[in-house]
2 protein chains.
Amino acid sequence: MRGSAEGGQVGSPQLMRRLNTQRVLDHVWNGEPVTASELIRETGLTRATVLALCRELADQGWLGVLENSRRAGAYTKGRPALRYAFRRDACHVIGVDAGQHRISASVADLGGREIGQGERAFEPGRFDPDRQSGQERRKEVLTAIDAALDDAGLTSGDVGAVVLGVPAPVDAEGRSPVGLNRFWGQSNPDLVTLGAERGWECVVENDANLAALAELDNGAAEADSSFAALLSGERFGAGLVLRGELLRQPRGGAGELGMLELVDGVESPEALGHWARHHAREALASGGTGALAEYGQDEVQAEHVFGAARDGDPLALDIVDRLADRLARICVVLAGLLDLDRIVLSGAVAPALSGLVEAARAKFAEYLYAPWLDITVSELGADAVRTGAVRCAVEQVHARALQGDHVSSLLARGVLRA
Amino acid sequence: MRGSAEGGQVGSPQLMRRLNTQRVLDHVWNGEPVTASELIRETGLTRATVLALCRELADQGWLGVLENSRRAGAYTKGRPALRYAFRRDACHVIGVDAGQHRISASVADLGGREIGQGERAFEPGRFDPDRQSGQERRKEVLTAIDAALDDAGLTSGDVGAVVLGVPAPVDAEGRSPVGLNRFWGQSNPDLVTLGAERGWECVVENDANLAALAELDNGAAEADSSFAALLSGERFGAGLVLRGELLRQPRGGAGELGMLELVDGVESPEALGHWARHHAREALASGGTGALAEYGQDEVQAEHVFGAARDGDPLALDIVDRLADRLARICVVLAGLLDLDRIVLSGAVAPALSGLVEAARAKFAEYLYAPWLDITVSELGADAVRTGAVRCAVEQVHARALQGDHVSSLLARGVLRA
DNA sequence: GGGCCTAAATATAGACGTTGAATTAAGAGA
DNA sequence: TCTCTTAATTCAACGTCTATATTTAGGCCC
């Protein structure tokens, strides 16, 4: 009965082994192929140990062994080293941006490379949450996922984890509050239970949080730095990354911006699109002229404003200036309180906003002394949330990689710390 | 040369041993005496192992062995168990609240029990930072510390760690920005270097952060919960505890409230005392009457306002109401953005503010739906910062307890994670 | 093609800490 | 004094890592 029962072994050499396995896995995870010598250098372990660990990970399917050693360029003397490569295709993940007007799903490998897409879009323009029941929405999400799987040529069984991003706060159990805001419950009709139907590990997460994860992965910010991903959809939402770690609160309310109602010159958590439209209509109603007048007071949209501003239309420029002030004030609140290094403006409209951000930077400096703060536009455009969902799903797989191993249960029991 | 060089041993059984030692130490740290059986239950280790670890910790001086086993009450059959008790007197720490008007130092044991005090106070009323040079201030701090040591009957050599709380942001190196705010540089004239003169481990920390640590230790909040300690001195400062951990940013700006200038109905980071005075003088200047009029427009102080409000004076009550609104708005910003469980109002005046907080609670509910939020007054009164400094110093000792051991260097090298 | 060189992989012995079971110890009650 | 119960101690077995010695794999040179 020695070394078998899974309750025991708390402090035994076996545990050491698992810790080292995890360490090596972490090192190679989604990295370039490595030789044992490199791992020896990085982990401080002995050659014999490292090789044993690599063999173990290879047996488990996480590592592939590349016999063709002696990488190009590296000068070569002595016996060529084996090279171990992380197997990005060990399993696949699904990331979904389940927005209000559009659900887009993608299948990706463990390196985050998309290999399949699926999409469901609803009528553009105004969205009436009451027109879509929870059941319908769940079906739409599944349809998008299935389309993505189909596109990738994979099946349910290849899926290691699913992450769904929704425009609502999400608590630790994956649920969103109902009743407070009719959009919230509608956005997340118990989507966590959706994975169970297919036997998937399923996580629901707030969209701004996922956008933040995407930026984190994108290397926009240095490790250990702090930033906010400000997602400008219908309403603003922020994903807060503090010291390299996404802040997730049990109730899911971190980064909610309802409090902007109390901020001078901001007045509401409505996002840039809303205000661009609002200011344009207001201006046209009171006799404003210029490029925007072409669209008519009731038809003018946010994109028209940003387009006209790029072309130098004075009215549009004035509106952009007012939006920049709003944005700057939001940045002051976030960066001032949390001492951020960076604020990334994200969302579908983001790519069109470089001028706005530039103006916001200047205004920010008037309100707060924080010359280190970088206000930038996300490079990810409309894909930010989905990209973040994929990254989050990969993390899920990573975290569970050695599950069934003993460490995991020890971590769960708090025997080991983090 | 086996098992000796300190570079090696990365993944060996020796490391396992150190991890387990740390685990047992964490369990007993500042807790009640325990028997080996209890540790066996809590750690999952074997009796033989636990006893070996306890013996080791006892040899190192962290644990004392209480032969008088068979604790009162516990019914007793069989051989009485040895009991091991954490030695709170293994060494002592110094916590200092280096405020603008008052420097108070205390010597405490590792249980946080104060056993010596020292204090330096400057003229009450207006404080002119230019009147005190950095050198003078350093001397004052040392004087307070020496007085506390003297009071405790201890000497320099008994000191395991020193923590100094200052009313200024403090960066990772213990320094405060100079130039931006004349009070900041003045409050922290390179106090980190002060420990070196006496051979002490010395840490400088922001006062609100220390107040937050004090609340954390005080058990006011459950482990893993999130709260802000709102320190109301000359200006507001907040210590942010997120998921049970104090947020410390490299530049030290977390919890700085300069951004309150942009919050509607708050307008500045000046704290309650300032505004109480301000409103009272304003009211008296425009002919206000009542209890406050006795003091005269130029003499009336914040305490007068709070006192009069307790006695039901209408003018004072009106002022308190306005302060409560301000406080409520600040709470909305903090709790709304970070999804806090609790906000603790701290500082010397806090004990007098229970009425104000009650009013603030009601107003808060008008601004934000967050019925779970607890707005309370600290029980620690004027001692919060010093208490937090002591706690922080104890943590320093705890973190370094097994230093010289191999784990520490491994943690430093990133071989182990947190 | 055979020797030489280098660096990687493998094999083997040694050390250490943990487990788990057997043994001894310390009190309380009959 | 004997028995009962629970703790502490002892010891062999085991697993993992380290450290050293040995083998292997490929260039390079003659």
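Chain letters run A, B, ... following the sequence lines, proteins first and then strands; every chain starts at 1.
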A/L53 has an atom CG; how far is it from atom P of D/dG15, in whole Å? 17 Å
Partners passing side-chain hydrogen bond (donor to acceptor under 3.5 Å, both in side chains) against B/E114 (at least two apart in sequence or in another chain): B/S106, B/Q117, B/R386
Are OP1 or OP2 of D/dC17 and a side-chain N or O of A/R17 less than 4.0 angstrom apart? yes
Quick one: list whatever passes side-chain hydrogen bond (donor to acceptor under 3.5 Å, both in side chains) with B/R55, sequence neighbours left out. none
Rounded to the nearest angstrom, tell me the gap between atom CG in A/L66 and atom C1' in C/dA8. 16 Å
What integer distance in Å separates B/R18:CZ from C/dT18:P? 10 Å
Applying salt bridge (charged side-chain N to carboxylate O under 4.0 Å, His left out) to A/D158 and not counting sequence neighbours gives none
At a cut-off of 3.5 Å, list every protein nitrogen or oxygen paired with a nitrogen or oxygen from nucleotides 7-11 of chain D, distance to 0.1 Å.
| from | atom 1 | to | atom 2 | distance (Å) |
| --- | --- | --- | --- | --- |
| D/dA7 | OP1 | B/S37 | OG | 3.3 |
| D/dA7 | O4' | B/R79 | O | 3.3 |
| D/dA7 | N3 | B/R79 | NH1 | 3.4 |
| D/dA8 | OP1 | B/L82 | N | 2.7 |
| D/dA8 | OP2 | B/R47 | NE | 3.4 |
| D/dA8 | OP2 | B/R47 | NH2 | 3.1 |
| D/dA8 | O4' | B/R79 | NH1 | 3.4 |

Using OP1 and OP2 only, check whether a side-chain N or O of B/N20 sits under 4.0 Å from C/dT18. yes
Expressed as a whole number of angstroms, how long is the span from A/I40:CD1 to C/dA9:P? 8 Å
Using a cut-off of less than 4.0 Å, is there contact between a side-chain N or O of A/T49 and OP1 or OP2 of D/dT16? no
Would you please name every residue forming a salt bridge (charged side-chain N to carboxylate O under 4.0 Å, His left out) with A/R198, sequence neighbours left out? A/D146
Sequence neighbours left out, what passes side-chain hydrogen bond (donor to acceptor under 3.5 Å, both in side chains) with A/T387? Give chain and number order. none
In the structure I gave you, are the side-chain heavy atoms of A/L240 and A/F227 within less than 4.5 Å of one another anywhere? no
Nearest-Å distance, CG (B/L15) to C1' (C/dA15)? 15 Å
Between D/dT16, C/dT19, C/dG17, which one does the side chain of B/Q14 approach most closely? C/dG17
